[in-house]
Amino acid sequence: MAQLCSAAELDHPRRWCHSPCHNSGPRNYSQSPTLEAAAEAALVAVFAVLRALVAVAFTLRSALSAVLRAVVRVALALLTVVLAWATRSSEAFWLRIRPTISWPRAARSS
């Protein structure tokens, strides 16, 4: 027949209890099946959260690289257009001004 613990024995933590009503004894810390299941469920939840964080990180990385590629592509296109315009403008300017330049004339000897 199992013995019941007194109120004083129940108030003490299990590791200090020397009562014969506890099956595990004073230094046996075996976990209950419920605690093991809870620990396993917590570990599964932690791994699920880590998996989700890694997925989000990879998604952000690919999205950021796509944005960076788009920004670089737009900047290069704009630079190409600006350089082409500057070249055309410079050439047109020098072609327009060339006939109007008064070159220094050589001195005539008489």
Side-chain angles (χ1 to χ4, degrees):
M1 185 160 119
Q3 292 179 339
L4 295 176
C5 293
S6 68
E9 290 173 338
L10 289 176
D11 288 339
H12 292 300
R14 191 172 190 165
R15 64 177 175 249
W16 293 307
C17 183
H18 297 288
S19 170
C21 67
H22 293 144
N23 296 331
S24 62
R27 295 192 188 252
N28 188 359
Y29 304 117
S30 66
Q31 294 179 347
S32 67
T34 308
L35 186 58
E36 288 177 6
E40 185 178 338
L43 190 61
V44 168
V46 166
F47 283 135
V49 168
L50 288 176
R51 238 187 341 267
L53 286 175
V54 168
V56 167
F58 279 132
T59 304
L60 283 176
R61 181 177 145 191
S62 64
L64 288 177
S65 64
V67 167
L68 183 62
R69 275 195 305 270
V71 167
V72 169
R73 194 172 292 149
V74 167
L76 287 176
L78 183 62
L79 183 63
T80 303
V81 168
V82 167
L83 287 176
W85 173 82
T87 303
R88 278 195 313 271
S89 296
S90 175
E91 288 173 356
F93 171 77
W94 287 112
L95 287 175
R96 257 193 332 269
I97 203 157
R98 192 160 126 206
T100 60
I101 292 178
S102 56
W103 297 99
R105 299 183 182 197
R108 291 187 189 182
S109 59
S110 355

Undergrad: Can you give the donor-acceptor pairs under 3.5 Å from side chains of residues 60-77 to other protein atoms, not counting sequence neighbours?
TA:
unit_1	atom_1	unit_2	atom_2	d
Ser62	OG	Phe58	O	3.3
Ser62	OG	Thr59	O	2.9
Ser65	OG	Arg61	O	3.2
Ser65	OG	Ser62	O	2.8

Undergrad: Rounded to the nearest 0.5 Å, how far does CG of Leu83 lie from OG1 of Thr87?
TA: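 Rounded to the nearest 0.5 Å, the OG1-CG separation comes out at 6.0 Å.
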Undergrad: What side-chain donor-acceptor pairs closer than 3.5 Å can you find for residues 41-51, not counting sequence neighbours?
TA:
none

Undergrad: Which other residues belong to the hydrophobic cluster containing Leu78, where Ile, Leu, Val, Met, Phe, Trp and Tyr are joined when side-chain heavy atoms lie under 4.5 Å apart, directly or via other members?
TA: Val82
